[in-house]
There are 2 protein chains.
Amino acid sequence: MANIVIVEDDHFLREELQHILQKEGYSVVSISTFDAPVEAIIQANPSLVLLDLNLPDMSGFQICRTLKAKGVGPILVLTARNQLRDELHALELGADDFLNKPCHPKRLIARIEKLQQLYATMPRLLKWAQFTLDERGNILYAAQQSVALSENEAIMMKLFINNSPAIVTKEQLFIELWGSSEFVDENILQVNMTRLRKTLDKVGMSRSIKTVRGIGYQLIGGETS
Amino acid sequence: MANIVIVEDDHFLREELQHILQKEGYSVVSISTFDAPVEAIIQANPSLVLLDLNLPDMSGFQICRTLKAKGVGPILVLTARNQLRDELHALELGADDFLNKPCHPKRLIARIEKLQQLYATMPRLLKWAQFTLDERGNILYAAQQSVALSENEAIMMKLFINNSPAIVTKEQLFIELWGSSEFVDENILQVNMTRLRKTLDKVGMSRSIKTVRGIGYQLIGGETS
DNA sequence: TCAAACCTTACGCCAACTGTAAGAGTAATT
DNA sequence: AATTACTCTTACAGTTGGCGTAAGGTTTGA
């Protein structure tokens, strides 16, 4: 379902954009910058975010970076300030495309469709240090080689990469794997850790996961053994 | 290895672009439009193609479409004619981004890096019509949705996409699936075809594979049912 | 040295994938 | 319309891989 979130302060513009997009058959949610936007956006689970940078403060860039870190879909940035600096900054912070206002509706639509297409087609890659995880195929690239991960292994690896280099607590793992930290035997976690480690060894990433006694585990920027 | 191909007729501009990119550490190959460009480009195996649309004839668009069909990496189109029509057309034909000349070097670099990032590493994507097959993860993207393919299904789909719109003979399928067309019950092929078709139906691609009585099968540019 | 925390291995269940078999459906030909 | 060759579908069983359980071994740190 093509579900677009518009983040825009100007009420008039918001209506206009919404109208354009809806005419194309998109379902649209508009959010003003003041409505705790990041949480609201994530909850809307958009297939694309249309982010206006006309915001008085620098918060637009911050939103951009946060959204990207959270793995929210493609971000298309709009701005009226025709400045190269803004464009570079936005792209660097994770925006996937950039358009100046005013912008012809057809151009806007074309760019939106292109982004959706790129995102739908492209592997979603999660990176940290020498690890790259393809979230769709559950394939882990490390150094030169790659391995297929099982579902559980991928969930854990995702957690580790997302939190690295911080420690991932056992509770986080429980929640991510089984939805709750209650009523679950601790051993099952250890078994899954063993399995993940064994799989990592296949690509020469021995000892990449350190155990933090009593707390949890930690992915460390390992060496090729 | 970041390997960029520039397709540009103007000798002076070509030098300039090449210079800019090489300063950023890219390895660059320049190709003029007359050097049977498509084959040359494919052979260079670029991680990005910089395509100038200043070409006298309409051949630039044609190159764009052909490259995309062959699964060559991201295509960034440059043009001096600041026309919305060109941009829409290029994007529609498979270009991944579009910039007007003159273009600030920093902007060019930023866009190139963004595209590379989106495309990320290696994945060999196979495309035909509305089908895109990720050969690593055996994931098929069609229209908006995607499905996981089993090993056999992926092998078959790969054959179909590589040969489309030509007919794929039963023998080709036998060879690809079981190494030989001898000593194999024909029924097993039919069963696998049924299964592939059922899987394609999941992404709304009904009737995408036509059977050619006595010969084989054929992937056709289907509709979203 | 001792106990808590952690690791490993083996086992069985389950789901997904694949090939086999048998019968039903379909298209071309007479 | 009947025949026949070709194709499709469904059900079944063997195999494999992922997962959780259980039980015993190993490490860590006081």
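Residue numbers start from 1 in every chain, and the chains themselves are labelled A, B, ... in the order their sequence lines are given, proteins ahead of strands. Atoms considered below: every heavy atom in the structure, side chains included; atoms not considered: hydrogens, waters and symmetry mates.
Summarising the geometry, atom CE belonging to B/M193 is positioned 5.5 Å from atom OH belonging to B/Y217; distances are rounded to the nearest 0.5 Å.
Classification of A/E176 and A/K158 as a salt-bridged pair fails, no side-chain N sitting under 4.0 Å from a carboxylate O. Salt-bridge annotation for B/E153 and B/R195: absent, with no side-chain N of the basic residue lying under 4.0 Å from a carboxylate O of the acidic one.
Remark on DNA chain C: of its neighbouring residues A/K198 and A/V212, the 5'-side contact belongs to A/V212, judged by nearest-heavy-atom nucleotide.
Judged purely by atom type and a 3.5 angstrom limit, B/D96 uses its side chain to pair as donor or acceptor with the backbone of B/I75. Judged by distance alone, with hydrogens and angles left aside, the side-chain atoms of B/S47 form a donor-acceptor pair with the main-chain N or O of B/N3 at under 3.5 Å. Of the possible polar contacts, none joining the A/K202 side chain to the A/A148 backbone as a donor-acceptor pair under 3.5 Å is found.
A/Y217 has a side-chain polar atom (N or O) that falls below the 4.0 Å cut-off from OP1 or OP2 of C/dC7. Contact check, A/K170 against C/dC6: a side-chain N or O comes under 4.0 Å of OP1 or OP2. A sub-4.0 Å separation between OP1 or OP2 of D/dC19 and a side-chain N or O of A/S150 is present.
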Margin query: Set out, in order, the CA-CA distance, both residues' side-chain angles and the distance that settles salt bridge (Lys or Arg N to Asp or Glu O under 4.0 Å) for A/R111 and B/E87, then state yes or no.
Written below: CA-CA 10 Å; A/R111 291 303 189 137; B/E87 175 169 353; 2.9 Å; yes

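If you measure from atom CG of A/L189 to atom C1' of C/dC6, you get 10 Å, rounded to the nearest angstrom. In this entry the distance linking CD of B/E186 with P of D/dT9 reads 16 Å, nearest Å. As rounded to whole Å, 13 Å separates atom C1' of D/dT26 from atom CZ of A/R197. Here D/dT16 presents its C1' atom at 14 Å from CD of B/E151, a figure rounded to the nearest Å. Atoms CD1 (B/I215) and C1' (C/dA28) sit 14 Å apart, rounded to a whole Å. Per the geometry, CD1 belonging to B/I155 stands 12 Å off C1' belonging to C/dT18, to the nearest Å. Look at CG on A/L196: it is 16 Å from P on C/dC6, rounded to the nearest Å.
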Check: If the sugar-phosphate is the primed atoms plus P, OP1 and OP2 and the base is the rest, what is the B/S/- string for nucleotides 19-26 of chain C, using protein heavy atoms under 4.0 Å?
Finding: BBBB---B

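As judged by a 4.0 angstrom heavy-atom cut-off over every strand, A/E153 is placed among residues making no nucleic acid contact. When heavy atoms are screened at a 4.0 angstrom cut-off, B/T194 is found touching base atoms of the nucleic acid.
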